[in-house]
J.: 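Got a structure for you, written out below as structure tokens; questions coming shortly.
Remember, predicted model here, so these are calculated numbers, not experimental data. Values reported hereafter were calculated over all heavy atoms of this structure, with side chains retained and with hydrogens, waters and symmetry mates removed.
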Amino acid sequence: MPLHVPPAPAPALRSVLTALGSPTALREARTPSLRTAQGPATPELPLPVHVLDEITAAGASATRLTGWRFLIRCQDRAVAAAETRLTPDGWAFSHFFEGPYIASTERALRQAETMQQPYQPRLLSVPGLYMLTLWLHGDLTADGATGHPAATDLLVPLAPAPPGIAAHRPHRVAELLPVLTHRATPAPLLGQLA
């Protein structure tokens, strides 16, 4: 099934295109693969980036949108990503980056395209666990910038995933959240055990 990628705000896309056209932005980018890429660089697959700050026993707190991420493709592969953020003046380019999450995101998106049910792809960051997931939202008509994970949505941990959580294995939110809740709960201090 094809994924239903939500449209990115036009100013976010324009800011990435402007940065890609700026020799200064590219020269200052800490992305060697983008600086040395042959051929035109194209922003593709805009994904809203949500952050899950708190996981409780009751489930996930509401997520907050922190930006839009675009995979930057040169020829036949993604070589970097560009992130935008919301400022008081609107959407603005934030930075270019590369690393293992680029290939991992591509792999997870290809995997999601083979699923029987269509989904709206998003990224969900769980900072307390240093974890990034591809969030496959079941409501195709939802605004990609809002919402929280529904129990039937899928989360696909991207590599590198935290120890004990398999990367690229889709989990229903209802199944993975209890594991994340246990992991994110701080251990009691020794003095509090008595």
Side-chain angles (χ1 to χ4, degrees), residues 3 5-6 8 12 30-31 33 45-72 78 80-86 94-115 117 119-139 142-193:
L3 295 174
V5 179
R30 294 185 179 152
T31 53
S33 61
L45 292 168
L47 297 173
V49 181
H50 294 263
V51 172
L52 181 60
D53 287 318
E54 185 177 352
I55 307 168
T56 66
S61 65
T63 63
R64 62 183 168 87
L65 180 71
T66 59
W68 284 80
R69 183 173 296 174
F70 297 78
L71 293 179
I72 305 299
E83 192 128 339
T84 62
R85 60 184 170 83
L86 189 58
S94 176
H95 61 282
F96 292 114
F97 64 95
E98 61 183 61
Y101 286 132
I102 306 301
S104 187
T105 300
E106 272 195 310
R107 177 180 170 186
L109 287 166
R110 281 193 309 270
Q111 180 182 358
E113 287 176 341
T114 66
M115 295 179 177
Q117 180 179 339
Y119 288 101
Q120 182 189 84
R122 304 170 176 197
L123 292 172
L124 181 65
S125 173
V126 186
L129 297 175
Y130 302 101
M131 181 177 178
L132 183 64
T133 69
L134 179 63
W135 168 13
L136 299 173
H137 191 52
D139 182 357
D143 179 357
T146 61
H148 63 279
T152 57
D153 287 352
L154 295 179
L155 296 177
V156 182
L158 300 180
I165 297 176
H168 297 287
R169 182 175 175 265
H171 302 271
R172 293 232 177 266
V173 167
E175 297 165 355
L176 187 58
L177 275 185
V179 173
L180 299 182
T181 302
H182 178 69
R183 291 280 186 98
T185 304
L189 298 175
L190 291 177
Q192 294 176 341
L193 292 176

J.: In Å and rounded to the nearest 0.5 Å, what is the CG to CD distance from Asp139 to Gln120?
T.: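 So the gap between those two atoms works out to 7.0 Å.
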
J.: Drop me the distance from Phe97's CZ to Ile72's CD1, to the nearest 0.5 angstrom.
T.: 9.5 Å

J.: Any donor and acceptor pair, going by atom type alone, linking the side chain of Thr66 with main-chain N or O of Arg85 inside 3.5 Å?
T.: no

J.: Run Ser125 and Val51 through side-chain contact (heavy atoms from CB on, under 4.5 Å) and show every step you take.
T.: CA-CA 5 Å; Ser125 173; Val51 172; 4.2 Å; yes

J.: Taking only distance into account, with no hydrogens and no angle test, what donor-acceptor pairs under 3.5 Å do side-chain atoms of residues 161-170 form with protein atoms, sequence neighbours excluded?
T.:
| from | atom 1 | to | atom 2 | distance (Å) |
| --- | --- | --- | --- | --- |
| His168 | NE2 | Ser104 | OG | 3.0 |
| Arg169 | NH1 | His171 | ND1 | 2.9 |

J.: Any donor-acceptor pair under 3.5 Å linking the side chain of Arg69 with the backbone of Glu83?
T.: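 Pair absent, no side-chain N/O of Arg69 close to backbone of Glu83.
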
J.: Measuring from atom CE of Met131 to atom CG of Leu52, what distance do you get when rounded to the nearest 0.5 angstrom?
T.: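 So the CE of Met131 and the CG of Leu52 are separated by 10.0 Å.
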
J.: Go through the structure and list residues passing salt bridge (Lys or Arg N to Asp or Glu O under 4.0 Å) with Arg122, not counting sequence neighbours.
T.: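 Partners of Arg122 by the salt bridge (Lys or Arg N to Asp or Glu O under 4.0 Å) criterion come out as none, since no residue qualifies.
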
J.: side-chain contact (heavy atoms from CB on, under 4.5 Å) between Val156 and Gln111: does it pass, once the steps are laid out?
T.: CA-CA 10 Å; Val156 182; Gln111 180 182 358; 4.2 Å; yes

J.: Only counting residues at least two apart or in another chain, list the ones meeting side-chain contact (heavy atoms from CB on, under 4.5 Å) with Pro100.
T.: Pro160

J.: Going by the angle between their ring planes, with limits at 30° and 60°, are His137 and Trp135 parallel, tilted or perpendicular?
T.: perpendicular

J.: Using modelled atom types only, decide if a donor and an acceptor are shared between the side chain of Thr133 and the backbone of Leu124 within a distance under 3.5 Å.
T.: yes

J.: Donor-acceptor pair, Asp153 side chain versus Gly138 backbone, under 3.5 Å?
T.: yes

J.: Is any side-chain heavy atom of Val126 closer than 4.5 Å to a side-chain heavy atom of Leu132?
T.: no

J.: Please step through side-chain contact (heavy atoms from CB on, under 4.5 Å) for the pair Leu134 and Leu155, ending with a clear verdict.
T.: CA-CA 6 Å; Leu134 179 63; Leu155 296 177; over 6 Å; no

J.: Name all residues meeting the side-chain contact (heavy atoms from CB on, under 4.5 Å) criterion together with Ser33; count only those two or more places apart in sequence or in a different chain, and write none if there are none.
T.: Val79, Glu98

J.: Looking at CZ of Phe70 and CG of Leu45, how far apart are the two atoms once the value is rounded to the nearest 0.5 Å?
T.: 10.5 Å

J.: To the nearest 0.5 angstrom, please state how far the CZ atom of Arg110 sits from the CG atom of Leu3.
T.: 12.0 Å

J.: Once side-chain contact (heavy atoms from CB on, under 4.5 Å) is applied, do any residues pair with Leu86, and if so which ones, sequence neighbours excluded?
T.: Trp91

J.: At what distance, to the nearest 0.5 angstrom, does OG1 of Thr152 lie from CD of Glu175?
T.: 11.0 Å

J.: Walk me through whether Leu136 and Met115 qualify under side-chain contact (heavy atoms from CB on, under 4.5 Å).
T.: CA-CA 11 Å; Leu136 299 173; Met115 295 179 177; 4.0 Å; yes

J.: Is there a side-chain contact between Trp68 and Ser94, using heavy atoms and a 4.5 Å cut-off?
T.: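 Side-chain contact under 4.5 Å: no.
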
J.: Hey, does Leu71 have a side-chain heavy atom less than 4.5 Å from the side chain of Ile102?
T.: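 Side-chain contact under 4.5 Å: yes.
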
J.: Quick one: list whatever passes ring pair (Phe, Tyr, Trp, His ring centres under 6.0 Å) with Tyr101, sequence neighbours left out.
T.: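 Tyr101: no ring pair (Phe, Tyr, Trp, His ring centres under 6.0 Å) contacts found.
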
J.: Quick one, Leu154 and Val173 - any side-chain contact, counting heavy atoms below 4.5 Å?
T.: no

